[in-house]
Amino acid sequence: MTIQLFNTLTGRIEELSPSDGKALRMYACGPTVYDYGHIGNFRTFLQVDVLRRFLKLEGITPKHVMNITDVDDKIIRNAAAAGVSISEYTQKYEKAFFEDLNALAVEKPEIIARATEHIPSMVALIEKLAAQDCAYKTEDGSWYFRIAKFPDYGKLSKKDFSGITDGARVDVDEYDKDSARDFALWKAPKPGERKWETALGPGRPGWHIECSAMATEYLGDSFDLHAGGEDLMFPHHENEIAQSESASHKTFAHHWFHVRFLLVEGRKMSKSEGNFYTLRDLLLKGHKASAIRMLLISVPYRQQLNFTFDGLAAETGAVERLRTFHERVRGVVPAPQENAELAAETAKSRESFHAALANDLNTAEARAAIFDLVRAGNAAIDAGTVGRENAAAMLAVLDDFDQVFAVLEDRDAEWTRAALDWAEREGRLGEASAEVVAQSALSDDQIQELVDERTQAKRARNFARADQIRNELAEKGILLEDSKDGVRWKRK
RNA sequence: GCACCGGUGGCGAAGUGGCUAACGCGCUGGUCUGCAAAACCAGUAUUCGCCGGUUCAAUCCCGGCCCGGUGCUCCA
């Protein structure tokens with residue numbers, strides 16, 4: 001099955017496949033590690049994760065590079081304010097970032113590239129640009145890219161800069177550059193700032209040159225796909241193209257993948273709106289990591305997603321239903337006969353699932369195909385008409401599903417616990433909801449003890465005591481389910 | 001202001017020029033259960049922002065309007 005994916009550069013849906021016949025070389029813009037990641041950040045990383053997981057499912061090996069921007073103006077400012085070194089400051093947030101990705105079941109890219117560890121390749125790239133008169137040094141010792149030397153500037157974001165004359169709207173003198181649009185490649189140090197001594201002079205890299213240099217170092221002058229949030233299209237990605245293609249005279253990335261922003265409760269997420277959430281905020285309020293992942297990937301990446309708490313609750317239920325079904329199928333007692341109708345439904349579900357993702361990563365349709373199977377499967381289990389092969393086939397489809405969606409394994413309590421431990425260390429335990437604290441205070445063993453006691457009470461037909469225990473547990477966010485094979489409990 | 005994207009049931013959301021407008025959650029009734037929960041069955045938009053147009057036929061195509069979002073500026 002060929003994978004069709006929208007390409008921002010051409011504005012069309014095009015086939016995605018490894019141009020070298022081996023690995024799909026992709027570069028995704030990573031975080032600037034100056035604070036904890038918010039759910040908008042994670043939507044992008046999750047959608048890229050869906051892409052790379054689907055590639056693997058289709059037998060394509062990704063070679064995925066993600067950068068970590070660990071030096072920039074905000075980092076320098078915040079580190080100074082906190083009175084720590086830049087590396088000390090960024091280490092904390094980089095660690096937090098990877099913990100968050102882990103909680104959201106985002107696979108680690110093959111290569112993680114820190115800006116501060118790639119200064120020599122950035123310097124080399126700037127020198128290469130300077131040799132072609134595409135870069136110039138200003139009086140303060142900074143280097144800029146000369147946009148006038150790159151006529152294709154604007155081809156990604158579809159902007160036409162030909163009509164813009166320098167000085168018309170912006171006072172060029174103020175910038176000490178040849179043209180107001182020219183962007184910094186290398187920034188001269190201000191007094192006391194972290195700086196690198198290089199052939200270009202002292203200073204630190206501009207943001208855009210990082211990605212160009214690191215992408216080229218690991219993936220070559222020309223590679224398959226470049227990903228990022230929609231806001232990066234201009235100027236960041238446009239600038240990457242200008243730098244890289246000016247230096248190499250080759251197409252930088254063939255395919256450009258941009259993930260749209262999300263809204264929170266119908267409004268743009270912002271601190272001033274009071275609807276700004278980090279992953280940790282949500283975990284402390286008792287939302288499950290799996291439900292957050294499910295919600296953030298269920299709306300196709302090119303659509304605006306409205307993140308709401310109702311939606312999050314709905315996804316919690318959806319994930320639960322999938323997990324329950326998965327367990328039911330695994331524990332099914334096979335009927336002597338195979339169910340031809342169910343076999344057909346299963347095959348159809350599998351086919352629709354793959355086709356939906358191959359069609360520009362339509363996660364909403366892919367998900368719908370799985371729920372069609374859930375319904376058919378549950379009905380057949382209830383009727384006792386699931387054969388051995390039926391069960392195996394359904395498990396295979398669920399396995400395919402989970403290789404991309406990654407929500408069936410329940411590690412939610414672990415991530416919530418980790419968030420609580422973090423909040424305690426940071427003195428932010430007050431932000432956790434009472435129910436989360438109560439629920440986490442109960443260990444699995446303690447819960448099991450109470451469940452066993454209730455089972456005894458039930459056997460003795462002491463329903464009052466049994467219901468009392470069930471209610472007490474419910475208050476602490478523990479739900480019980482009686483079934484033929486005993487009691488199943490779960491954290492709400 | 002200019003450019004681009006979107007407006008589908010109670011909520012989220014897919015989709016298509018004509019077939020019952022997916023799927024999830026919610027809600028109502030039923031089956032099952034000591035009671036619940038889970039699971040299943042049935043029901044839950046004569047209708048796809050508004051107004052025109054094209055067409056035998058439009059939610060889907062075209063034009064205008066209204067609303068939301070994004071980019072043009074640091075931002076995933």
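In the text below, chain A, chain B and the rest are named by the order of the sequence lines, each starting its count at 1.
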| query | Is there a donor on the side chain of A:Asn362 or the base of B:C23 sitting less than 3.5 Å from an acceptor on the other? | reply | no
| RNA chain B: 5'-proximal contact among A:Phe371 and A:Leu232 (nearest heavy atom) | A:Phe371
| note | 5'-most contact on RNA chain B (nearest-nucleotide basis), A:Val374 vs A:Arg267, goes to A:Val374
Hey, is the side chain of [X] poking within less than 4.0 Å of OP1 or OP2 on [N], counting only N and O atoms?
X	N	value
A:Lys268	B:U70	yes
A:Asn41	B:A76	yes
A:Arg181	B:C72	no
A:Arg321	B:C40	yes
A:Arg302	B:G6	no

| request: Using distance alone, with no hydrogens and no angle criterion, decide if A:Thr455 and A:Glu453 have a side-chain donor and acceptor under 3.5 Å apart. | output: no
| said: Looking only at side-chain N and O atoms, does A:Asp360 offer a donor or acceptor that is under 3.5 Å from a partner on A:Tyr301? | reply: yes
| message | What verdict does the side-chain contact (heavy atoms from CB on, under 4.5 Å) test give for A:Ser352 and A:Glu365, after you've listed the backbone C-alpha separation in whole Å, the side-chain angles of each residue and the deciding distance to 0.1 Å? | response | CA-CA 8 Å; A:Ser352 305; A:Glu365 282 207 332; over 6 Å; no
| query | Where along residues 461-470 of chain A does a heavy atom fall under 4.0 Å from RNA chain B? | reply | A:Phe463, A:Asp467, A:Arg470
| field | A:Thr138/A:Asp140 under side chain to side chain donor-acceptor pair (under 3.5 Å): CA gap, chis, key distance, verdict | value | CA-CA 6 Å; A:Thr138 55; A:Asp140 73 337; 2.7 Å; yes
| field | A:Arg293 bridged to A:Asp49 by N-O distance under 4.0 Å | value | yes
With a 4.0 Å cut-off on heavy atoms, is [X] in touch with a base, just the backbone sugar-phosphate, or nothing at all?
X	answer
A:Gly40	base
A:Lys74	sugar-phosphate
A:Thr324	sugar-phosphate
A:Trp207	sugar-phosphate
A:Asn378	sugar-phosphate
A:Pro31	nothing
A:Val259	nothing
A:Leu263	sugar-phosphate
A:Gln303	sugar-phosphate
A:Asp72	nothing

| Out of B:G6, B:G71, B:C72, which nucleotide sits closest to the side chain of A:Phe261? | B:G71
| Closest to side chain of A:Glu481, choosing from B:A22, B:A39, B:A37 | B:A37
| said: Are A:Tyr218 and A:Phe223 an aromatic pair, judged by ring center distance below 6.0 Å? | reply: no
| note | By side-chain hydrogen bond (donor to acceptor under 3.5 Å, both in side chains), A:Glu338 pairs with (sequence neighbours left out) none
| task | Quickly work out the A:Asp35 CG to B:A76 P distance and round it to whole Å. | result | 10 Å
| request: Whole angstrom is fine here: how far is it from CZ in A:Arg367 over to C1' in B:G15? | output: 15 Å
| request: Mark yes or no: A:Arg12 above the aromatic ring of A:Phe6, with NZ or CZ under 6.0 Å from the six-membered ring centre and no more than 45 degrees from the axis. | output: no
| query | Just one of A:Met26, A:Arg25, A:Glu240 clears the side-chain contact (heavy atoms from CB on, under 4.5 Å) bar with A:His226, so which one? | reply | A:Glu240
| task | Compare all side-chain heavy atoms of A:Leu225 with those of A:Leu5 and state whether any distance is below 4.5 angstrom. | result | yes
| request: Can you label the angle between the A:Trp256 ring and the A:His258 ring as parallel, tilted or perpendicular, going by 30° and 60°? | output: parallel
| Which dot-bracket string describes RNA chain B (Watson-Crick N1-N3 plus N6-O4 or O6-N4, or G-U N1-O2 and O6-N3, all under 3.5 Å; [ ] crossing; | other strand)? | (((((((..(((.....[....)))((((((.......))))))....(((((..]....))))))))))))....
